[in-house]
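The figures that follow rest on heavy atoms only: side chains count, while hydrogens, waters and symmetry mates do not.
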Amino acid sequence: MKVLRVRRWSAALAALVTTSALAVALGSSPAAAAGGTGTGYLHTSGNKIIDSTGATVRLTGINWFGMETDNKTFHGLWASNPWRGQLDKMASLGYNTLRVPFSNDALKPGAVATGINDFVNPDLVGNTPLQILDKVIDYAGGKGMRIILDRHRPTAAGQSALWYVAATPESKWIDDWKMLAQRYAGNTTVIGADLHNEPHAEGTNPAATGACWGCGDTTRDWRLAAERAGNAVLSVNPNWLIFVEGVSCPSGGLSNVWDNDPSNDEDCGWWGGNLSKAGQFPVRLNVANRLVYSPHEYATSVFHQTWFDAPNYPANMPAIWDKYWGYLYKQNIAPIMMGEFGTTLQAPVDKVWLQELMKYTGTGVNGMSFTYWSWNPNSGDTGGIAKDDWTSINQDKQDILQPYLIPPVGGGGGGGPSPSPTPTPTPAPTSCTSAFKLTNSWQGGFQGELTVKNTGGSALNNWTSTWTMPSGVTLGSAWNAVVTVSGTNWTAKGPDWARNLPAGQSVVIGFTANGPQGQPSGVTCSGG
């Protein structure tokens, strides 16, 4: 069966949305957070993903695509919601992992990132695709999130059945993976490589030309290619997890239903979704406990598979999932991390599908890991969790996913009612000095830096600085602090990676603002 997956990328500019609270930060990669995504690097044990202390970790993430397209960077950077604000929202909803699709074109020297609103995201102006990725990784890591890199396309032109094309041979594919593994070695936010997105069948059996599993043809056997690339990655960075997707048809070819020869017909699934032969032909890596199988699963908004019409639907679905990939988890062979699954949720059958699929993954930390497709609203056949303004949320989808999400430490979110807040004492003011510098201005806005220095004799733990801005000035974006606004009162708090301000040290709080030029007044600082 041929399954067509056509994603139509719409690039309509989002409606203007004013954000009043942005959690933002810049700087070097922080130490790995404990809790939602564990401590240190991750590895596997049976069907579990575990952290460096042996604690079980469940990745409950989301895809943010765009770096695989001609833009060569995340989509939605054209919107009025700054890039940090979008990550803040993902984390607050409970998504603890970000799967980042990219193409090899985005990694080339001279690659240019486009589609960026330089008014909203001035800190990204002139950055290369990799430099933007670095910033996203640093900031996401500060929120306790993890990153999975997904080689989605060999070129920005589109997906491919095999892991190589003429413009991107296998050697380039492997070399680029080794480069990324080296670039992020030691950064425990980046946990692994999804080697190639959606290998699938091409050509009609018996003249198959697409990706097979276990056929032994080194030019087409995805299992063997995954071993070659996975072992090359681990030779550079042995701490990474290796995520391996399935194929669509194990033969690598499409069935000819007209030849009346059932020997040429086989049971096929979604692109990247068929791991039925992985038990017989497992991926063999040189470093133990690094393999995670990563199937894809979709609803009728992507393609109307025959099983959606079964008279016993949805009771038939667990057996189908068992056959294609669930057995690997249930037989304790390897962990499952569903790299993509999604729907527009427009058809009632799709709502049932999503509800039943989430039940199948299990609840709590021992359930199967996943990254939902997608954050982006501009995925033509699924839509996103974000709506077209890249700020509002599709609550119908979120409500189904919410009970299965394990938020990152510091990210908030999660299912169930929120407990009543515990009152905390107001920190006493402490000795500090401040200086403001106007660094840029334009019609309707400006950019500035507020330097706050701790002039006291001891560190400001969990430092906070407050000041007043003129009436009519609103926050655009900020960095090096968590900045919130209430009327004319602005408050900056130390980010997760720099909560304490030692005696004699300074912090430079950068921000962009909308409205008339003005400067902070009445600056105070405190520690709690």
Within this structure, what is the [atom1]-[atom2] distance for the pair [X] and [Y], rounded to the nearest 0.5 Å?
X    : Y    : atom1 : atom2 : result
Q159 : N197 : CD    : CG    : 5.0 Å
Q182 : N237 : CD    : CG    : 7.5 Å
K108 : L130 : NZ    : CG    : 13.5 Å
M90  : L98  : CE    : CG    : 5.5 Å
W390 : L77  : CH2   : CG    : 8.0 Å
N394 : I385 : CG    : CD1   : 6.0 Å

Side-chain contact, heavy-atom cut-off 4.5 Å: [X] with [Y]?
X    : Y    : value
W83  : K135 : yes
I147 : Y184 : no
W353 : K351 : no
L285 : L234 : yes
N205 : L254 : no
T60  : T97  : no
T219 : L162 : no
I148 : V100 : no

Legend entry - side-chain contact (heavy atoms from CB on, under 4.5 Å) evaluation trace for Y41 with S52: CA-CA 6 Å; Y41 277 112; S52 60; 5.9 Å; no
Using the test ring pair (Phe, Tyr, Trp, His ring centres under 6.0 Å), find all partners of [X] that sit at least two apart in sequence or belong to another chain.
X    : result
F243 : none
Y313 : F308
Y360 : W321, W325
H196 : W222

Is it true that [Y] and [X] share a donor-acceptor pair across their side chains at a distance under 3.5 Å?
X    : Y    : value
D51  : T53  : yes
S392 : D389 : yes
S374 : N63  : no
R151 : N104 : yes
N71  : T114 : yes
S251 : R220 : no

Could you list all the salt bridge (Lys or Arg N to Asp or Glu O under 4.0 Å) pairs where at least one residue sits in [range], not counting sequence neighbours?
range            : value
residues 293-319 : none
residues 359-371 : E356-K359
residues 312-337 : D267-K323, D322-K330
residues 221-245 : R99-E245, E170-R228, R223-E227, E227-R284

Does [X] use its side chain to pair, donor to acceptor, with the backbone of [Y] at less than 3.5 Å?
X    : Y    : answer
T69  : G66  : yes
N274 : S248 : yes
N231 : N286 : yes
W271 : A201 : no
T128 : Q131 : yes
Y327 : L275 : yes

Inset, instruction - Show your reasoning for whether side-chain contact (heavy atoms from CB on, under 4.5 Å) applies to I116 and I132. - result: CA-CA 11 Å; I116 299 173; I132 294 174; 3.7 Å; yes
Inset, instruction - Give me the ring orientation class for F74 and W64: parallel if the planes are under 30° apart, tilted from 30 to 60°, perpendicular past 60°. - result: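 The rings of F74 and W64 sit tilted, inter-plane angle from 30° to 60°.
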Inset, instruction - Look at the aromatic rings of W78 and H75 and report parallel, tilted or perpendicular, splitting at 30° and 60°. - result: tilted
Using side chain to side chain contact (heavy atoms under 4.5 Å, CB included) as the criterion, list what pairs up with [X], not counting sequence neighbours.
X    : answer
T204 : N256
A386 : W375, P377
P169 : S171, K172

With ring centroids as reference points, do [X] and [Y] lie under 6.0 angstrom apart?
X    : Y    : value
F341 : F370 : yes
F65  : W373 : yes
Y164 : W173 : no

Legend entry - Taking every non-hydrogen atom, the tightest pair across G230 and L195: N-CD1, 3.9 Å
Inset, instruction - Might you point out which heavy atoms bring G36 and V57 nearest each other, and give the distance in Å? - result: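 Shortest heavy-atom separation between G36 and V57 comes out as O-CG1, 4.2 Å.
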Inset, instruction - Could you point out which residue of Q395, K397, Q402 forms a side-chain hydrogen bond (donor to acceptor under 3.5 Å, both in side chains) with D399? - result: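 The side-chain hydrogen bond (donor to acceptor under 3.5 Å, both in side chains) with D399 is passed solely by Q395 among Q395, K397, Q402.
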Legend entry - N-O pairing of D134 and R183 below 4.0 Å: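 Result for this pair is yes, salt bridge flagged.
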Legend entry - All pairs passing disulfide (SG to SG under 2.5 Å) where residues 174-214 contributes a residue, at least two apart: C212-C215
Inset, instruction - Starting from the C-alpha separation in whole Å, work towards a yes-or-no answer on side-chain hydrogen bond (donor to acceptor under 3.5 Å, both in side chains) for R146 and N96. - result: CA-CA 6 Å; R146 303 285 193 152; N96 65 31; over 6 Å; no
Inset, instruction - Please step through side-chain hydrogen bond (donor to acceptor under 3.5 Å, both in side chains) for the pair S103 and H152, ending with a clear verdict. - result: CA-CA 6 Å; S103 78; H152 207 77; over 6 Å; no
Inset, instruction - Starting from the C-alpha separation in whole Å, work towards a yes-or-no answer on side-chain contact (heavy atoms from CB on, under 4.5 Å) for L291 and V244. - result: CA-CA 7 Å; L291 174 65; V244 179; 3.7 Å; yes
Inset, instruction - Carefully, step by step, assess Y298 and T343 under the rule side-chain contact (heavy atoms from CB on, under 4.5 Å). - result: CA-CA 7 Å; Y298 278 101; T343 168; over 6 Å; no
